[in-house]
Every structure is written in structure tokens, then in C-alpha cells.
Amino acid sequence: MTGSLGRRRPNMDTHLPGFAQPLFRGLPVIDDAWAGVRETARKQAFAAREPGPREESWRFTDLGALYRGEFDAILVPPAAVLEVPELPEAGHRLVFVDGHLIPGLSRPAEGGGLEVRPVSGADAHPGDPIPGTLVPASRDLFAALNLARLATAALVHVRRGCAAPAPVHLVFLYSTAAHATFPRVMVRLEPGASCSIVEEHHARTGQAHLCVPVTELELGNGAQLTYTRVLRQGAGGFSLGYCEAVLGREAQLDVCTVSADGRLTRLDLGVRFAGPGARVGLDGLAKVDGNQVADTHSRLIHGAPNCRSRQLHKCVAAGAGRVVFNGAIRVEHGAQQTDAAQQSRSLLLSPRARVDAKPQLEIFADDVKCAHGATVGQLDDEQLFYLRARGLAAPLARELLTYAFAAEVLRRVPVASLRRRLERELLAHTPG
Amino acid sequence: MSAGEVLLEVRGLHASVAGVEILKGLDLRLCAGEVHAIMGPNGSGKSTLSKVLAGHPSYTVSAGEVAFRGIDLLALEPEERARQGLFLGFQYPVEIPGVSNASFLRLAYNTVQAGRGGEELDPLEFDDFVRGRMQLLEMDPGFLDRDVNEGFSGGEKKRNEILQMALLDPLVAILDEADSGLDIDALRIVSKGISALRAQHNAVLLVTHYQRLLDHVVPDFVHVMSEGRIIRTGPRELALELESRGYDWLTGAAAA
């Protein structure tokens, strides 16, 4: 049996899949405030099953290519100087390369109403959020791996009633082939606080690498957060991301996610209304080409009355690309006067492209409004002819219409320079 | 181009859509400096003619030829026809949410300019240029910030078509039902726009069901179309006669 597993020695105590085994080889044991969290997570990772097609939530997304790979951690930051995506509007920022904070590129904020700083088990303050509170290791193998390999997280903390004066920019760059990175972002907005956060992930390598970014968002009563997440994982990147938010009474959250390229990207996005009168807007755009896969699983839990949610998810699939959208909305018992609207629209640019879009409503209250709709289509022939009749060559006309389809989401990107950058990049990368 | 030069010559054109033949041997000749009107009852093939000339891919030409300034028009892609100076004003202008009118107009302008070796304009230069043309059509500059035709009223859409014609300065403009859905004021503005663009070097083909547009834009020739062919050509008075007598006396004669 040992011989059949090839050159790698199996870890006989565990079921840890081969792709993740190098992650725990020679890992230094550090005794700090997060040691217990890591150790529990390590045990859970070793006990967790490998997500596979037999599970409903992974039915359409084949992880075979990931499991056939092998990923190691990078224990020291690479020396190469990388181009950082600039955001002129941003105030404070943290830049991580291959999971390591780069102080020279970062502008943290410490103390006062706004804190933007790296945090690890060695320097966590007593009042800091505990990693894993919203995305615990028990969630699944990848969430467990993130916590088990937790080193330095990015923390954004806005004190009661304070407003961050400028967007906070969190940048994660990936530069090394065959490495694995486990970023964690922890955001706490105290009651009445407000902030805009832009989280960006950019691969600076086209080679295979693995990234498991986890973001935890806590919004106190009346807090307001605008959270924008950009993912450009390159041709070979695997990204298995988690974002979980919990909203207090009358809090407001606007999430905008944009993902383009990446060998396989997945986002598990969860929002829970924990107090009445809160509001959330979710806008998402996923774009794939070649044999890329982009999977978005969202889950909105209306756990309190009088909350409103609006969701628009758009997918563009070219080549043999594949997009998956599963949008769950759960209205719990007692969450009366819920107003939830969900729209998913997908554009197929090639006969080989594929989309699997599924709304999933679970309603346990009787006085609620829940609307959902899903469309899948191709570029409109009449629009195409109209543009060509004005002199635009067919490939340009197709590009423009694809861009127009995506624009509905891109226009909701709340930071102007980022919006322009994404419009430029996504327009330039639209296949003819 | 000088007045009198043949710009568009259609000979024995047969065309079908979804396997149904609509144009059945149509002949038409447009010379520089002329305005022609094509009238005819619903279903006579007027809109089909417009779309076939502009190159709509749903229509198939089975016989006949079309020369545009001596070039085989039917061999050209729709975008090449536009760059050569052919313009179709749509009966139902298409809405394109997500593309601003300003960027669409500039893209179309620069593409057509590049095609004829003219100067392209950057966004600032174009803005000045387009605002001047918009004044002619009494259009609110706010149009530029809206998405192409999205949520436009019928009159706004038609004015937007004429604005595009004014920007692209075509040699042959085919205006398909430019007056449909317009109230009196909008009709006056659209007519003024068309008349202002009328010149010795170009030709206009007005495709229309009613003659009221022809009160404002006086044609040199009126053609009556029926069952895919032009059955009568006359001076502008023919349009007035059609208005009072209807089409039956002509179509009946054609059938006889």
C-alpha cells in the first residue's frame, strides 16, 4: 500500500491529503497566544475529509488538479521587488508577499480610532478579535488549514463612532510557484463605526500556487462597511477563499467582489444578520477563460427581522471556462419583514463555456419578501449588429458588449481609481 | 464627390429572412445631392431593404447586386460598409446598458474616421465636437452621460440616431422610419437635423410609412414599394397623392 502512493511517504496517522503534507514538514512550533488555535486546527485539518464531488457544495468544482499538485510554505519572504497595485485614495495599507508582511511597503495605523496593523499570536492585544471566530477550523479542510498555518493576520479595527477617513488597502501578492499561503483578514467595526476596505489578491507568477484567504467581518450596531475584494490569481493560481460577516442591529454592509482569471477560484461568502434593521448589498463579478473555474457560494442568513439584502452576481465565461454560482438565502423563524432580492446573470461567450447557477431559498418565516432570478445567455445579436453598423469591428463590438455586461458590477466598485483600473484591465482582457 | 455622381446602385435585388423571400427584384439608384423617399404599406419590404443594405446577418441575398461608389457593397462586412460611408438610422435603436453614450459615440466616430484616414479625436476634443452637433438637435448634454439609448424615449432615441449621422457624416444615409413615434416638436427637430446634413456630396434615403416627414424634408424622388419591389417612382407630389388616396390604387394596379 505504501508503494502505491509513489515517491511521497504517506503520513500514516492521518488522512491529510498529499497536496497539503509539505505544509507541516519542519514547521516550527511557536508558543504564543494563538498556539492553541493552531494546534486545534491542525488536528481538525488532519481529521477533515478532502472536499470532493460527492459533497453537494463541491459537486460542480473539481479539485482534482489541486489535489494532484504539491504546495509548500515559504518560510522567509522573497527578496524580489514586486509591483504593488496602487490606490491613490487609500490611507493606510498593509502589503503581504507570499504571506509575509512587507513593512517597507506598508502604512499601518496604531492606536486612535482606527487601527490597521499586522497581528500575530506574539503581539496580539487583549481586545483583538480571535482568529476563527467566524470561519472556524471545523468548517472544512481548507478553513482548518488556514488556521493551522496561521502566522500574521491583517487587522482593521475601528472604534465606536469613528469613521476611517480614507479607504484601507490590504494587498496580498503571490510571487512563488508551488507555494501555499494562508492570509487572514480580521475586521472589527464597533457600534457606529464606518470604514471602506479594499482587499486585493494579485499573483505575480503564472505558475501553480495555492492561496486560502479568509476574511472575518464583525459589524457592531449601526456600523457601516464597504468591503471590496479583487482577485487576480494568474493563470496557475488556486484560490479557495472564505469571507464571513456578521451584522448587528441597523448595520450596513456593501460587498463587491471581482474575480478574473485564476486556474480555480472559489469564494464562500457568508453574511448573517444578527440584529434587526440591517442591510446588505452583495455585488459580484467572476470572469473565466481557457479552462479556468470560478465558483461562488454565497449564504445569506436572515436571523433577525426587518433586514434587507440585495444581491447581484454576474459571470462571464469564455473558452472552456466554467462558472458556478450557488446563492443560498435562509430566512430564519422570526425574521419577519425580511426583504431579500437575488439576481444572477451569466454570459457565455463560447459554446464550450459552462455555467451552473442555482438559487437556494430556505424560508421559515411567513411575512417576508424574497425574489430571485437567474439568467444565462449569449451576446445579443441586435446589439452586436448595431455596433457594427457604426463601424466597430466584430471583435471590438463583442469586447464592448462583454464589458458592458460586466460594467453593471464594476460601476459599483466604490473607489474610483480601482474602478477605472478594473474597467481598463477587464476590457483589455476580453477575448475576441 | 460631386452632385450627380452615382453613390448607390441597386439592381435586381432579391433577399430573404428565415427562408422567406422579402425583396423580389428591387432596383434603385441614388446620386449625390439627392433625397429619396421610399414609401409603402406595412410588409412591403422597406425595413428589409434598409437592413440588407446595412448588412444585417439575418438576411440572405439570393440574387442581384449593390454597388456603393462602384464597390460591391454586398461583399463587405457591416462595419466596413459603415467605414465606407454608409449609415443606417435604425427604426428601433438598440439599448446598450453599460456603455455610455459618450464613449460609444467617440468610438464610432474614431473608428469611422480611421477607416477614411481622417483625424481621430481624444475625449476632450470629441466632447467639444459632439456638443456642437448636439445643439443642432436641441439635445441636452446630459445625453452623453447616459447609457446608449437606455431608458430613452422614442423621440430621444431617434434624435440620438440623427446625432450619430451628424457625427459620422455619411455619403449615403438610410433613415428607417426616422419619424415614427415622434411628437410634433421632435419631428421638427429630427427634420431640421436631416435637412442640415443634406449636401451636394451625399444622398439620403428616407424610409417612411407616412408622408408627414416629407413636409419637412422635401425629397427629390418618391418611390412606392410593394411586395419587395419598387412599383412606382415619381416627384414629391406622389407622396401627397399617396396620403390622400392610400396605396391600394397602386398595389392593385401592380397585381393586375
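From a predicted model like this one, the values you see are computed outputs, not experimental measurements. First the proteins, then the strands, lettered A, B, ... as listed; each starts at 1. Note: hydrogens, waters and symmetry copies are ignored here, and every other heavy atom, side chains too, is used.
The candidate from B:Thr111, B:Leu86, B:Val94 with the greatest count of non-hydrogen atom pairs under 4.5 Å with chain A is B:Val94.
Rounding to the nearest 0.5 Å gives a distance of 7.0 Å between CG of A:Leu392 and CZ of B:Phe104. To the nearest 0.5 Å, atoms CD (B:Glu95) and OH (A:Tyr386) are separated by 10.0 Å. Taking CG of A:Leu387 as the start and CG of B:Leu107 as the end, the distance is 8.5 Å to the nearest 0.5 Å. Between atom NE2 of residue B:His56 and atom CG of residue A:Leu384 there is a gap of 9.5 Å, rounded to the nearest 0.5 Å.
For B:Pro93, the parts lying near chain A are the backbone and the side chain together; criterion is any non-hydrogen pair under 4.5 Å. For chain A, the nearby part of B:Val112 is the side chain; its heavy atoms alone come within less than 4.5 Å. Contact of A:Ala404 with chain B is made through backbone and side chain together, with heavy-atom distances under 4.5 Å. At a 4.5 Å heavy-atom cutoff, the contact between A:Ala394 and chain B is made by backbone and side-chain atoms alike. With a 4.5 Å cut-off on non-hydrogen atoms, A:Leu401 touches chain B through its side chain but not through its backbone.
Salt bridge present: B:Glu161 and A:Arg390 bring a charged side-chain N and a carboxylate O closer than 4.0 Å.
For A:Phe385 and B:Phe90, the gap between ring centers is short of 6.0 Å.
Other residues, nucleotides and ligands contribute more than 12 heavy atoms inside 6.0 Å of the CZ atom of A:Arg421. Around atom CZ of B:Phe152, more than 12 heavy atoms belonging to other residues, nucleotides or ligands sit under 6.0 Å away. Within 6.0 Å of the NE2 atom in A:His372, the count of heavy atoms belonging to other residues, nucleotides or ligands does not exceed 12.
Nearest heavy-atom pair, B:Ala82 versus A:Ala389, reported as atom, atom and distance to 0.1 Å: CB-O, 3.3 Å. Closest non-hydrogen pair, A:Ala407 versus B:Gly98, comes out as CB-O, 3.6 Å. The shortest heavy-atom contact between A:Arg388 and B:Pro78 is NH2-CD, 3.3 Å.
For residues 142-150 of chain B, heavy-atom neighbours of chain A at less than 4.5 Å comprise B:Asp147, B:Val148, B:Asn149, sorted by residue number. Below 4.5 Å, heavy atoms of chain B meet heavy atoms from A:Glu382, A:Gln383, all part of residues 375-383 of chain A.
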